[in-house]
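Reading through the structure tokens given below for one structure.
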Amino acid sequence: MTAELIDGKGIAKQIQRELTEEVAHLRETHGIEPGLATVLVGDNPASKTYVRMKQRRCEEVGIHSVGYTLPADATQAEVEALVSQLNADPTINGILVQLPLPGQLDEEAVLNAISLEKDVDGFHPLNIGRLAMKGREPLFTPCTPTGIIELIDRTGVQIEGQEAVILGRSNIVGLPVSMMLLKRNATITICHSRTRELAEITRRADILIAAVGRAEMVKGDWIKPGSLVIDVGINRVEDDTRKRGYRLVGDVDFAEAVEVAAHITPVPGGVGPMTIAMLLKNTVTGAKHAAGLL
Ligand code: GUN
């Protein structure tokens, strides 16, 4: 069996096209221009790249984006003062504080300071709390998990009643995607660094989500034949045949997995592009909320 590829890059582009139309419509008929503020603290190269990509995509769809950069030694008070200023700014509908923050900062307090209505990352404790609870709905859900659910839905594979195994329990991906799958009535198992007999658990998965950051850890014989595999990992492995000296691989051994699964996301071009598409979508939703259109 050769799995069908889930084209995250193409789907993200399609979503961006739809958002471009929607933003133009909002401007023409309601005079609304959605706005996103990005906050980068320090000069982590990966974070800088991600923030730049987020800003560029905003411009492409017509969302106005404003970037703030604070020095690596910024104080808690400085970061929170910037967040307060953005909370009060009516031209801003979404506030994105790029994570991770430098060690001296209290991440929870910073995320808590973001106005619930502008929490387009979905990391505010109240939004996460609502996500974790039955019968409650968050205003926003985190971008990578939301993108994963969108990719699963577009394969036509139903989530309800399926065994979903999630490798990784990070606040950004593993934990929230587990909560979202649970809300959709999957039976979830969350695995982490202390889990024993990993492969035995993953082999039960109708839906397997790998988000641990370990290059090609999930082998073909860890995968249930005919299952759906979502690979969130983006890992650099040395490769002298490439000009830049490395290539990107996921947490799943793609060459093996593609022979076993029915659907699989590639790396790159799978989950990655969906994260930004969902951020843009959340920002447009924030603008519609602020204008009383939702
Ligand atoms: N760092 C890695 N992923 C994310 C994300 O989705 N949002 C933010 N704010 N920081 C991140």
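Each ligand, and each atom within it, is numbered from 1 in the order the structure gives.
Contact check for L70 versus L40: no side-chain heavy atoms found under the 4.5 Å cut-off.
Using a 4.0 Å cut-off between charged nitrogen and carboxylate oxygen, E163 and R204 count as a salt-bridge pair. Ionic pairing of D7 and R154 is not present here: no N-O contact between side-chain nitrogen and carboxylate oxygen is shorter than 4.0 angstrom. We find that R17 and E21 are not joined by a salt bridge, their nearest charged nitrogen and carboxylate oxygen being 4.0 Å or further apart. Taking the charged nitrogens against the carboxylate oxygens, D251 and R214 have no contact shorter than 4.0 Å, which rules out a salt bridge. Checked for salt-bridge contact, D206 and K224 meet the test: a charged N lies under 4.0 Å from a carboxylate O.
Shortest contact from atom 6 (O) of ligand 1 to any protein heavy atom: D121 OD1, 3.8 Å. Of the protein's heavy atoms, I172 CD1, 3.8 Å lies nearest to atom 2 (C) of ligand 1. Given atom 10 (N) of ligand 1, the protein heavy atom at minimum distance is L99 N, 3.0 Å.
Contacts between L279 and ligand 1 below 4.0 angstrom, taking non-hydrogen atoms only, are absent altogether.
Looking at Q98 next to ligand 1, an N or O pair under 3.5 Å apart turns up. The shortest N or O to N or O distance between V97 and ligand 1 is below 3.5 Å.
Within the 4.0 Å heavy-atom cutoff, F123 counts among the residues contacting ligand 1.
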